[in-house]
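Because only heavy atoms are used, hydrogens play no part in the values below, and waters and symmetry mates are left out as well, while side chains stay in. First the proteins, then the strands, lettered A, B, ... as listed; each starts at 1. Quantities reported herein were computed from a predicted structural model and do not represent experimental measurements.
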Amino acid sequence: MARVVVDVMPKPEILDPQGQAVANALPRLGFDGIASVRQGKHFELEVADDVDDATLAKIAETFLANPVIEDWVVRRVDA
Amino acid sequence: MARVVVDVMPKPEILDPQGQAVANALPRLGFDGIASVRQGKHFELEVADDVDDATLAKIAETFLANPVIEDWVVRRVDA
Amino acid sequence: MKVGVITFPGTLDDVDAARAVRYAGGEAVSLWHADHDLKGVDAVIVPGGFSYGDYLRCGAIARFAPVMQEVVEAANKGMPVLGICNGFQILCEAHLLPGALIRNHKLHFVCRDQWLKVENNETAWTTRYDKGAEVLVPLKSGEGGYQADDETLKELEGEGRVVFRYVGDNPNGSRNGIAGITSANGRVVGLMPHPEHAIDALTGPTDDGLGMFLSLLDAVVSA
Amino acid sequence: MSLDTVKNAESTPDQEQPYKELGLKDDEYARIREILGRRPTDAELAMYSVMWSEHCSYKSSKVHLKYFGETTTDEMREKMLAGIGENAGVVDIGDGWAITFKVESHNHPSYVEPYQGAATGVGGIVRDILAMGARPLAVMDPLRFGPADAPDTRRVLPGIVAGVGGYGNCLGLPNIGGEVVFDESYAGNPLVNALCVGAMRVEDLHLAHASGAGNKIILYGARTGLDGIGGVSVLASETFDDTAGKRKKLPSVQVGDPFTEKVLIECSLELFRQKLVVGIQDLGGAGLSCATSELASAGDGGMRVQLDRVPLRASGMTPAEVLSSESQERMCAVVRPEDVDAFMAVCAKWDVIATEIGEVTEGDRLVITWHDEVVVDVPPRTVAHEGPVYHRPIERPADQDALQADTPDRLPKPAREELLDLIKTMAASPNLASRQWVTQQYDRYVRGGTVLAQPADSGMIRIDEETHRGVALSTDCNGRYTKLDPYTGAKLALAEAYRNVATTGATPVAVTNCLNFGSPEDPAVMWQFEQAVKGLADGCAELGIPVTGGNVSFYNQTGATAILPTPVVGVLGVIDDVRRRIPTGIGAEAGETLLLLGETHEEFGGSEWAHVVHGHLGGLPPEVDLAREKLLAEVLVAGSRDGMLSAAHDLAEGGLAQALVETCLIGETGARVFLEGDLFTELFSESAGRVLVAVPRTEELRFTDMCTARGLPWRKVGVVDPESQALEVQGLGELSLAELREAWEGTLPALFD
Ligand SMILES: Nc1ncnc2c1ncn2[C@@H]1O[C@H](COP(=O)(O)OP(=O)(O)O)[C@@H](O)[C@H]1O
Ligand SMILES: [Mg+2]
């Protein structure tokens, strides 16, 4: 078994209402100095050892992310 | 400016309907060998250099995550 | 009797909560999220909607609004507080009630008429119901799955603090089919379904929800 | 990077410009040069190209849409406070209330990105209603998809439904109806139409115009980003070096933020209440290009805009991009100078960003500057209203005769013993099955005024809590009927929406429409369009209710194949007391008789039966008799007012059989039906002008006497049977409500869960 992490983020030029809401709230909560916040998704997968990188890339692109509006990064991590 | 990443995940014992839905869908799409999927949130913050680790920890614990149902990790990353 | 109804940016069912208070014979007082006082109300309703868009987590941002600090303080002194839907989520985030609400197990927003069983008729908001009675009110939410750890759940069940339970198939994956719970002193109640949308059979499935607002009237008058 | 100023344009008349890539034809570009007496700047070219697009200028449809105006009489106009030409039509419904409503398309964006496309479609139409000065009260969503079991429909439908719900629910607008129709022709081109209805006091009507020199132009709402300006990127690539060019991978997709829109609504309504707004315009397609040129050309002066003051979300945007951006959740207001502070205070209360970006000027030019350099200097009318007008070639399709000649007569009819099963098969077919899988994702309760929502013939909301005055709305269109005969098909769409409204007890008063068609460059499509407009307009004149507005969506096709012509018609009705509404389900009263109003003929052209059982489309659609529809509506409204009807359900696709199944299941009550003549025709014909009503036995005589006296054909077809929990058709047998429910409710979950 291998552990794989996929981070999916709204593309930089795409509106990110969620990140913006967090960024706007922070000063009200008394936290200053946070210039920007973007919010995306974080997936943690446990995959069989024979699942190769190409398959992982495919899963991320076709399913975990929406390429029209999102970017993504796939990483294998040590368990 | 420093870049900070916060990953927030549902606690292992808490139901994760979104991760579950992904895990269930993958075999139907022809992707085998994915034993489990959990889905959480990924935040990318740009923070002023004088924002210290204690403040970041506080932001994550009181705001970005709900400790009742979620775990979280704060990381500074190189820009 | 004056009942405060809070409006946050993104609150939607505040007009409906105020209408329900009026139908029950009370006076609804509008409270603004940025207010620092409760305008002398006898009770507070935190209504449904999508406060701050429900971005981040439902209720996570609203919980920090100035008016919520006042609500927490008043609740700790015994003021009756009712959180409906988004209001329930806010009360959980504010730690006035234990647990949390997560995405519905089938991931869809669910709007349907839902039967509920009244499990506790001794709270400030439920004395007009018979214990074990079944009521029909709208449920409309995307993140209504009630979650708490085993210990909290045991405590809630053991102390009879589950107020409403879903009847029939579980609409959102809530643990133990929990639709609503109360604080240890029975003054703070939170529930996902919308009693304020069941006060008149013209615009709701029934008028079963009116009982909650009439109960409050009794509680305030007898206090 | 150099800025293309007006000065620069004057001195470089021969500079090549990518007008073709921006969709302008040679003669259109020449016309722009003629208007300006020079070449346009990049910013001007961006403005003209988007405002002269089919979508914004109606260049192919204008000559046909005129017919709506020509056929609207003064009498029809009597209750109309605003009509075609405004953001949305406005109707006086009495008691001092004005209702505004409109339907618009968001088809193409929803195919690219279903969730966001549908979401921003809802957001856009809601801002149109808000811009009239009204509080938006409810939404509806007429949708069309490819075959229900096609893999791509699995991608598109759930996303679109989630998007409509995600945006509307978060705005706090109840969804009170819509349509879900499946047909092969929409496979590569789903239709997402969105309707919004709002209310205001008659005196609060706001029209979009910028008048009064010295008045300020304030942009408020979301920041402006690179959304939806894919087209204009050709300008960027000309003026940007390589590194910047990389950033300019411009998204053609817009992302909606319903929370920002909700706040924008409340903020705007407070601005209206405090009378701080002289004129207002929403920003939709074509963004600031549209808002500035439309406001300026509707006013009595010119306008000067400092474009660099627009709050941006992205860095390095060019003037052309700022003008073309379709960032959502923005409004533009005209405000008296002395009110600016108060205006800003209201915006601050709601945390809405507001920026003074210009003012109304003497003169008649729209002048836009970028850091004090003039980048636009145009007569605003030439941008907003004097775009090209085309008389596109029109030709009746060569195969139209063959299509009409291929009647359903040749199709084998079911044997008598197959009919009971057929009722179930039809009820389970995708176009007739319960829409609950979709509608469960929409909040129909919020605001506490919803009297009827799905499943009902029309959605109904209470407008006034004191008097109980309310309105009902229905949208309809059967694209197969329109394909067989666009003129009659459009009338049939109107007739059905009209009948649906009357079936709930409301009096129909006004019409909106969204005309979804294929390419206007195809003469056959233009023929369909012309015929449909004629049919709709003539139908409205016969019924005596005006078209108050609408929207045209062309280029709906996959390759060379156009969608079924789909003129979606929305009808608005008024009811003085919503407590008199007629519900859809039987069983509300003990002892009800079932009557069928109207006449049944053997009409199967374009029917659901021909489609489901034989995959056949041919012949002629059912006949339409609008005088009869009018009479039927009057009888229904009278029946509601005098409390003679306990339930009513309109007969449409699937005929009487489907109406019976639905009225039983919705009312959770059984019925016994006795029919005469050819049972297949009785059950499945789709003759227009028919409604099934349930009449309490005590009212039966009074009601049938009224029908007879007024010359409306009626027939007793059965009785409600609260004991049976089954639908029994005498001579055929019975179907239990449980098995019918399983058939009717099982289909969509099985396909999309
Ligand atoms: N099919 C139609 N029938 C009647 N009026 C129409 C139709 N299509 C567009 N219109 C009218 O033309 C005007 C411009 O339409 P549109 O560009 O959609 O408005 P907006 O600029 O508010 O989006 C509106 O008043 C609209 O009601
Ligand atoms: Mg408009």
Side-chain angles (χ1 to χ4, degrees), chain A residues 1-12 16 18-66 70-75 77 79, chain B residues 1-12 16 18-65 70-77 79:
Chain A
M1 279 292 157
R3 268 188 67 221
V4 175
V5 164
V6 182
D7 287 319
V8 176
M9 292 297 286
K11 287 186 182 178
D16 171 21
Q18 311 200 68
Q20 200 157 318
V22 172
N24 292 343
L26 285 169
R28 284 202 306 268
L29 309 186
F31 296 113
D32 292 315
I34 315 296
S36 92
V37 181
R38 292 188 73 80
Q39 179 178 337
K41 294 175 199 145
H42 178 82
F43 295 91
E44 294 184 2
L45 287 70
E46 290 202 26
V47 310
D49 293 326
D50 62 351
V51 176
D52 60 13
D53 287 354
T55 305
L56 291 174
K58 190 99 199 264
I59 290 177
E61 178 179 349
T62 56
F63 195 57
L64 300 182
N66 176 351
E70 292 169 331
D71 292 328
W72 63 97
V73 182
V74 183
R75 278 184 293 142
V77 293
Chain B
M1 278 293 158
R3 268 189 67 220
V4 175
V5 164
V6 181
D7 288 319
V8 175
M9 292 298 286
K11 285 190 177 174
D16 172 19
Q18 309 190 90
Q20 194 83 45
V22 173
N24 294 343
L26 286 171
R28 280 202 309 265
L29 301 175
F31 296 113
D32 292 316
I34 313 296
S36 91
V37 181
R38 293 189 71 78
Q39 179 176 338
K41 295 173 196 148
H42 178 81
F43 298 91
E44 294 183 4
L45 287 68
E46 288 202 27
V47 308
D49 292 327
D50 61 350
V51 176
D52 60 12
D53 287 354
T55 305
L56 291 173
K58 190 106 200 262
I59 290 177
E61 179 182 349
T62 56
F63 189 51
L64 298 182
E70 292 168 328
D71 294 326
W72 64 96
V73 181
V74 182
R75 275 183 297 143
R76 285 182 184 264
V77 292

### Query
So which of A/V22, A/D7, A/D49 has the largest heavy-atom pair count under 4.5 angstrom toward chain B?
A/D7

#### Entry: Per-residue contact mode, A/V51 against chain B (heavy atom under 4.5 angstrom)
side chain

### Message
More than 12 heavy atoms of other residues, nucleotides or ligands under 6.0 Å from NZ of A/K58: yes or no?
### Response
no

### Query
Hey, does B/I59 have a side-chain heavy atom less than 4.5 Å from the side chain of A/I34?
yes

### Task
Find the distance between CZ (A/F31) and CG (B/L56) and round it off to the nearest 0.5 Å.
9.5 Å

### Message
Below 4.5 Å, heavy-atom pairs only: which of B/A35, B/S36, B/G33 has the largest tally toward chain A?
### Response
B/S36

### Task
Below 4.5 Å from any heavy atom of chain B, which atoms of A/F43 appear? Answer side chain, backbone, both or neither.
both

### Message
Using a 4.5 angstrom heavy-atom cutoff, name the option from B/D50, B/D32, B/L26, B/T55 with the most pairs to chain A.
### Response
B/L26

### Task
Measure across B/H42 and A/K41 and return the closest heavy-atom pair with its distance rounded to 0.1 Å.
CB-O, 3.6 Å

